[in-house]
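Below is one structure, written out as structure tokens; comments come after it.
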Amino acid sequence: IESKHCLTLGVSLSVNLSMQTEDEDGEENLMENPYSVKLEFVDDPNFKNKVNYSYSAVQIPTDIYKGSPVILNELNWTQALERVFIDNRREDSSLRWQVFGSSTGVTRYYPATPWRAPNKIDLYDVRRRPWYIQGASSPKDMIIIVDVSGSVSGLTLKLMKSSVMQMLDTLSDDDYVNVARFNEKADAVVPCFKTLVQATMRNKKIFKESIMNMQAKGTTDYKSGFQFAFEQLLNDTGAPRAGCNKMIMMFTDGGEDRAQDIFEKYNWPNKTIRVFTFSVGQHNYDVTPLQWIACANKGFYYEIPSIGAIRINTQEYLDVLGRPMVLAGPKAKLVQWTNVYQDALGLGLVITGTMPVFNLTADANSQLVLGVMGVDVAINEIKRKTPTYRLGANGYTYAIDKNGYLLLHPNLQPKIINFREPVTLDFLDAELEDSKKEEVKTDADVVLCLPHHSSLGLVLPTYSENHIKANLSDQILQTLYVCVCSQLLLGLKKMSPLTVLREYCNELELSNNNTDFLLNFIALMEKVTPDSKQCDNLLLHNLILDTGIIRQLVEKVWKTKDLTTYGFLAVFAATDGGITRVFPNKAAETWEEDPEPFNASYYRRSLDNKGYIFRAPYLNDELLNPENDTIGILVSTAVEITVGGKTIKPAVVGVKLDLEAWVDKFKILASNQTSPTSDNRQCGPTSGCEMDCDANSEDLLCYLVDDGGFLIMSNQKDYWNKIGMFFSEVDPYLMHALYNNSFYNRKQSFDYQSVCDPVPSSNTGAAPRGVFVVRTTARPLMGAAIFVDEVEAEGMDSRETSCVTIQTQFYFTNINSSYDILQDCGNCSRLIHAKRLNNTNLLFVVAEKMPCNTCELEKLSQAETDHGSSRPTAVLHIVSRKQDPQL
């Protein structure tokens with residue numbers, strides 16, 4: 001693209017289209033720009049927005065005067081891009097936002113859509129966006145030195161801190177940086193950063209926290225600051241570096257020293273390190289030395305007299321760094337892919353392919369980077385291209401970029417999305433860290449290499465390496481096809497216990513409402529055949545097969561049993577074909593699990609564990625009410641089939657137990673008495689009594705606790721409202737005894753995608769539940785995918801910030817035998833019996849009631865705590881395994 005500076009302003013005004021703004025009442029304010037064109041917009045689900053495909057639109061930062069000649073000329077020559085954008089879409093309809101970001105701050109994007117400001121004041125500036133920063137300059141090693149002598153105080157110090165933090169925001173993950181303060185001597189603002197560190201979001205947050213704590217004192221000595229900077233840049237410590245541009249940024253209020261001997265020693269005559277100087281604040285110092293320092297070292301001098309000058313002057317240096325890229329020509333025009341970030345126009349999480357745009361005029365002074373072109377790719381679009389349902393519930397694909405950050409992963413689920421920051425989750429922070437994962441991150445041979453140093457990987461559990469393929473004849477297929485539709489219609493009339501929620505065909509309209517989805521499915525099935533090219537034949541054939549099998553299960557087994565005699569509230573089955581069937585229909589009406597089997601935590605956990613998985617209802621902010629609510633305990637197990645030596649798990653079946661009915665069964669089953677007429681012996685540590693939960697129910701505490709330390713069942717009715725609570729909240733002394741006797745292990749996990757609020761709420765009793773099952777397989781440590789509603793920029797609370805939280809999780813050890821424990825508590829003690837129940841995830845615990853409350857023990861907690869914004873060091877990086885898919 002060649003800049004046409006000779007175009008007249010009158011022409012640019014006549015051809016430019018800029019988007020009209022909206023006032024607080026939503027009315028279009030056409031008075032703000034008389035040259036605005038009122039457009040008609042149509043809803044487009046691909047963009048999650050109203051768009052117009054005939055025009056492009058323009059956004060200009062608030063702090064830039066829209067009528068300046070530079071901006072008007074920019075609007076004019078970028079108008080030619082509109083035809084390019086339209087032609088691109090005509091050739092490839094799957095393209096999403098096409099954007100050009102100008103070095104002047106103008107953003108032209110296609111298709112046109114009303115601009116959405118995240119707050120009352122629109123602070124969006126394309127030059128601060130991650131994709132622009134990465135595309136506009138080559139990688140750099142930067143040392144920032146900050147004058148903190150006594151003359152820097154008050155407003156000047158505040159300006160200096162803000163300026164340095166804005167400078168950090170111009171860096172991307174391809175850059176390396178360190179920050180030092182100096183007066184008579186220089187030292188790093190972050191003591192543990194001994195050398196340059198990668199300019200990640202976490203590291204920049206650490207820098208900013210330390211910068212805010214800087215204090216001014218002492219006298220100014222430029223030599224100390226420059227010597228620190230040069231030694232950092234020139235000393236080869238073996239630590240990673242960008243290895244391209246090297247520069248020093250000095251922020252000061254002024255001084256007379258030129259530090260010439262330092263430059264002669266370290267930088268002259270080759271001048272491999274550029275030096276940029278910034279005079280901060282309003283003062284009467286002679287700025288000639290600062291200008292000389294910059295010009296003598298291939299840099300530039302800038303002034304920041306007030307807060308309004310910070311944003312512009314801290315990013316001007318990028319133009320200087322762009323000149324070598326222009327001179328490099330085609331070698332520098334490479335497509336780069338960004339980290340994952342939140343699209344400002346509502347597309348959700350995206351990655352952007354970028355390429356710099358150069359001014360190719362002969363004038364050497366004009367050979368600059370004009371801006372950056374970008375094309376967005378939505379992460380959801382990439383997900384749709386992966387064979388999700390063919391990998392099974394616990395199989396998945398992932399992609400990592402050259403920095404080891406995730407582009408695609410089931411654990412890449414940020415709870416809050418700040419459109420100003422990229423979403424950076426390290427591969428090893430999303431997976432259980434081990435040597436194999438380190439190898440995957442560093443060795444391209446382990447995974448499929450993609451262009452530009454990104455890598456794609458596939459994880460499959462052994463039971464998902466094979467799957468059933470329904471090879472149905474035409475006659476059987478048509479017969480079963482009719483049966484499926486009739487079953488769905490019958491289900492709709494009875495509040496439909498039969499659930500299918502997948503995109504079986506291209507034209508199938510998806511809906512979160514089960515009834516609406518089934519109606520859409522039936523309507524489509526009346527138009528197409530099962531072998532239609534617009535349908536996924538494998539999915540649809542398996543759906544037909546599963547429907548027939550589940551129908552027989554209902555008719556020949558479930559309907560022949562009286563569930564109440566077994567103490568069952570419901571029976572259910574979920575298949576890998578996408579069906580969840582709950583019986584009876586009344587139970588289906590109150591079914592709270594995710595109807596998509598692959599998203600349901602019980603389904604995923606059952607596949608990964610042998611035996612029966614027990615799970616109590618999830619607690620919200622309120623405790624359960626046994627008087628008004630029927631409490632159900634979910635029990636599930638995987639159906640395992642071996643065919644030709646190959647094992648598959650095509651379904652999960654289970655029941656929902658009625659707690660009240662099963663407590664009586666529990667007391668009998670837990671009893672060591674074989675005859676109800678046996679003598680009731682008094683229990684005690686010296687009596688040798690075999691604890692009997694049935695005979696001594698009033699004196700004994702009998703519990704079933706799951707593998708995460710949560711209460712499943714108790715013989716004490718007073719505890720029924722605590723079912724599903726972390727056991728330490730029910731009986732802290734008993735939980736401590738179980739932990740102290742190695743029935744449970746405790747691990748810390750770090751959630752790098754958390755949200756922290758200035759006023760955190762605490763409810764340890766209703767803390768998110770977690771289960772740790774340490775494995776050596778190459779899959780993430782999770783029992784269920786974590787699903788979060790997308791947070792649009794407009795609804796973002798500015799008080800909420802991303803942070804790192806610590807979660808303490810408990811999980812079973814390898815103890816399988818039973819143990820008798822004597823818990824001594826000062827002047828009293830009690831006997832405890834504990835045993836793992838085979839083929840389940842349960843621990844059976846019987847204990848005498850504690851006769852005193854004088855124990856001073858650590859109360860174990862599973863509550864989430866804030867670690868702050870920085871990355872923890874010297875810790876085991878384990879992703880929490882949460883059972884609740886809604887958390």
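All residue numbers refer to positions in the sequence shown, counting from 1.
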Minimum-distance pair of heavy atoms, taken over all atoms of F812 and V705: CZ-O, 4.2 Å
Whether F568 and W662 hold their rings parallel, tilted or perpendicular, with breakpoints at 30° and 60°: parallel
S728 (side chain) donor-acceptor with L860 (main chain) under 3.5 angstrom: yes
With the side chain counted from C-beta on, respond yes when F666 and L659 share a heavy-atom pair under 4.5 Å apart, and no when they do not. no
Enter the distance from I641:CD1 to K646:NZ here, rounded to the nearest 0.5 Å. 15.0 Å
Under 4.5 Å between any side-chain heavy atoms of Y612 and N839, yes or no? yes
T424 OG1 to L406 CG distance, which is reported to the nearest 0.5 Å: 10.0 Å
Gap separating the CG atom of L458 from the OH atom of Y398, nearest 0.5 angstrom: 8.5 Å
Evaluate the side-chain proximity of L704 to S714: yes if any heavy-atom separation is below 4.5 Å, no if none is. no
I'd like to know if the side chain of N745 reaches the main chain of Y811, judged simply by a donor and an acceptor atom lying under 3.5 Å from each other, with no hydrogens or angles considered. no
Please confirm whether the ring centroid of F727 lies under 6.0 Å from the ring centroid of Y744. no
Would you mind reporting whether L553 and W558 have side-chain heavy atoms less than 4.5 Å apart? yes
With the threshold set at 4.0 Å, does a side-chain nitrogen-carboxylate oxygen contact exist between R604 and D594? no
Taking K556's backbone N and O only, do any of them form a donor-acceptor pair with K559's side chain (distance below 3.5 Å, no angle check)? no
Taking side chain as C-beta onward, heavy atoms only, is F743 less than 4.5 Å from F810? no
To check you understand the geometry: which heavy-atom pair defines the closest contact between D426 and L428, and what is its length? OD1-N, 2.8 Å
Evaluate side-chain contact (heavy atoms from CB on, under 4.5 Å) for V635 paired with Y602, printing each intermediate quantity in order. CA-CA 8 Å; V635 187; Y602 74 85; over 6 Å; no
Using a 4.5 Å cut-off on heavy atoms from C-beta on, say whether the side chain of L607 contacts that of P461. no
Salt-bridged, D707 to R605, with N to O below 4.0 Å? yes
Partner of D731 by salt bridge (Lys or Arg N to Asp or Glu O under 4.0 Å), out of R830, K722, K849: R830
Output for pair (E848 CD, H833 NE2), nearest 0.5 Å, gives 13.0 Å
Checking side-chain contact (heavy atoms from CB on, under 4.5 Å) for the pair L843/R836: CA distance, chi angles, key distance, verdict? CA-CA 5 Å; L843 178 68; R836 285 276 300 275; 4.2 Å; yes
Going through the checks in order, is the side-chain contact (heavy atoms from CB on, under 4.5 Å) test met by S742 and I815? CA-CA 8 Å; S742 300; I815 293 179; 3.9 Å; yes
Any heavy-atom pair between the side chains of V582 and E593 that's under 4.5 Å? no
When rounded to the nearest 0.5 angstrom, what distance separates CG in D751 from OG1 in T805? 4.5 Å
Using every non-hydrogen atom in the two residues, find where Q823 and Y733 come nearest and quote the distance to one decimal. NE2-O, 2.9 Å
Sub-3.5 Å donor-acceptor pair from the side chain of N466 to the main-chain atoms of I648, do we have one? no
Where do L711 and Y703 come nearest, in terms of heavy atoms and distance? CD1-CD2, 3.6 Å
Look only at the side chain of N741 and the backbone of A737, and say whether a donor-acceptor pair between them is shorter than 3.5 Å. yes
Has T580 got a side-chain atom pairing as donor or acceptor with P595's backbone, closer than 3.5 angstrom? yes
Could you state the interatomic distance from CD (E729) to CZ (F710), rounded to the nearest 0.5 Å? 10.0 Å
Can you check side-chain contact (heavy atoms from CB on, under 4.5 Å) on I633 and I712, steps first, answer last? CA-CA 7 Å; I633 307 297; I712 298 295; 3.8 Å; yes
Write down the atom of V190, the atom of S210, and the distance for their closest heavy-atom approach. CG2-OG, 3.4 Å
G395 and L460 have their tightest heavy-atom pair at CA-CD2, 4.4 Å
D608 side chain reached by Y463 side chain, heavy atoms, under 4.5 Å: yes
